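To start, the structure under review is shown below, and the notes come after it.
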There are 2 protein chains.
Amino acid sequence: MLDLDEIDLKILNELQEDARISHQVLSERVGLSPSPCSRRIRILESKGIITGYSAHIDERKLGFAMNIFVSVKLAHQVDTGLVSFERAIRLCPEVVDCWLMTGNRDYLLRVSVRDLDEFEHFLTARLTRIDGVSSIESSIPIRRVKGGMSRLT
Amino acid sequence: MLDLDEIDLKILNELQEDARISHQVLSERVGLSPSPCSRRIRILESKGIITGYSAHIDERKLGFAMNIFVSVKLAHQVDTGLVSFERAIRLCPEVVDCWLMTGNRDYLLRVSVRDLDEFEHFLTARLTRIDGVSSIESSIPIRRVKGGMSRLT
DNA sequence: CATGAAAAAGTTCACCA
DNA sequence: TGGTGAACTTTTTCATG
């Protein structure tokens, strides 16, 4: 079903580092000519191994200088909690990352804000108003050491 | 210095959702013609607002089905701890994300592994062997609810 | 900033090895 | 599967309004 060889992994690696590289340059780097190269790309896309392409945007340059991790626990009695909580979270522009954790109704969020004032507003005007939210814990990172790329090897 | 208008934000949004969109289609969507559109893109790149383009790869399809968050605390006495720890982390293919947290010598990692066996190997053969690592706590997410995009608004 | 045309570059396809 | 070359599309640049 998958059958990825070394060349496919090289292609994935190159496209992960620069999605707008031309097929010509890409084909030279992976040691192929352009045609089979673009064929392989289309196969990788159709198999769902490549799921899309996106521009990387420097959030700090747009004014979102702060990241904050927030652990959220939902109240035990709320039965439709997960679905409605997740729907609410997806509508928050501040939340850039959200994981459902093992353990009961535990979420880990990463929120992106301009400053602490905006974070306080996010907490009071949004997060605490979502139905079923019972406890919140925040921690503040200083900087990102590594990130943004998928594991390939 | 920045001077981003509505159209620039639309461009960023479109490129974040599909970095390989053609300039023609993009220009239609943002309500411009292709020439000024590509000029704006180049400006956004040169200002460092767009920092790159990358393919999204489905890690699960490559066999990396599990994510694990790992909190690491470094021993207090290790002075060159941060630099050498970070260098070691950058060399671990399993670590897809790493944040330096506030609080003393605290890191939050996200590691991507095939299964618990590989995770155990990562812990015993890699992480615990890095100089200065004093305590480790793991938590396992069930699924990602939201993620992968930068905040724009 | 829009338009339109021309030049350059990139992509895709049929066909052969 | 990979290579070649032709047909096609897209991108870039420029003159003009």
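Because the structure is a prediction, the values reported are computed rather than measured. So you know, we letter chains A, B, ... as the sequences are listed, proteins then strands, and number each from 1.
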Would you indicate what A:R20 reaches in the nucleic acid, counting non-hydrogen atoms under 4.0 angstrom: base, sugar-phosphate, or nothing?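 No contact.
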
Applying a 4.0 Å non-hydrogen cut-off, can you work out what B:S38 is touching in the nucleic acid: base, sugar-phosphate, or nothing? sugar-phosphate

Taking N and O atoms by type only, does the side chain of B:S35 place a donor or acceptor under 3.5 Å from a partner on the base of C:dC1? no

Nucleotide [N], atom [atom2] - distance to [atom1] of [X] in whole Å:
| X | N | atom1 | atom2 | result |
| --- | --- | --- | --- | --- |
| A:I7 | D:dG2 | CD1 | P | 6 Å |
| B:E28 | D:dT11 | CD | P | 11 Å |
| A:I41 | C:dT12 | CD1 | C1' | 12 Å |
| A:H23 | D:dT10 | NE2 | P | 13 Å |
| A:I11 | C:dT11 | CD1 | P | 13 Å |
| A:I21 | C:dA9 | CD1 | P | 17 Å |
| B:Q24 | C:dT3 | CD | P | 13 Å |
| B:L32 | D:dT12 | CG | P | 14 Å |

How do A:S22 and A:R39 order along DNA chain C: which one's closest nucleotide is nearer the 5' end?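 Result: A:S22.
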
Salt bridge between A:R151 and B:E59, side-chain N to carboxylate O under 4.0 Å? no

Compute whether any side-chain donor of one residue and acceptor of the other, for B:S150 and A:H56, lie under 3.5 angstrom apart.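 No pair is found: no donor N or O on one side chain lies under 3.5 Å from an acceptor on the other.
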
Return yes if a side-chain donor-acceptor contact under 3.5 Å exists between B:Y53 and B:E45, otherwise no.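 The criterion, which ignores hydrogens and geometry beyond distance, is satisfied for B:E45 and B:Y53.
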
State yes or no: do B:V70 and A:F69 share one hydrophobic cluster built from I, L, V, M, F, W and Y residues joined by side-chain heavy-atom distances below 4.5 Å, directly or via other members?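 No; tracing contacts between hydrophobic side chains, which count when under 4.5 Å, never links both residues.
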
Whether A:R42 contacts C:dT11 is assessed here as follows: a side-chain N or O lying under 4.0 Å from the phosphate OP1 or OP2. Is that the case? no

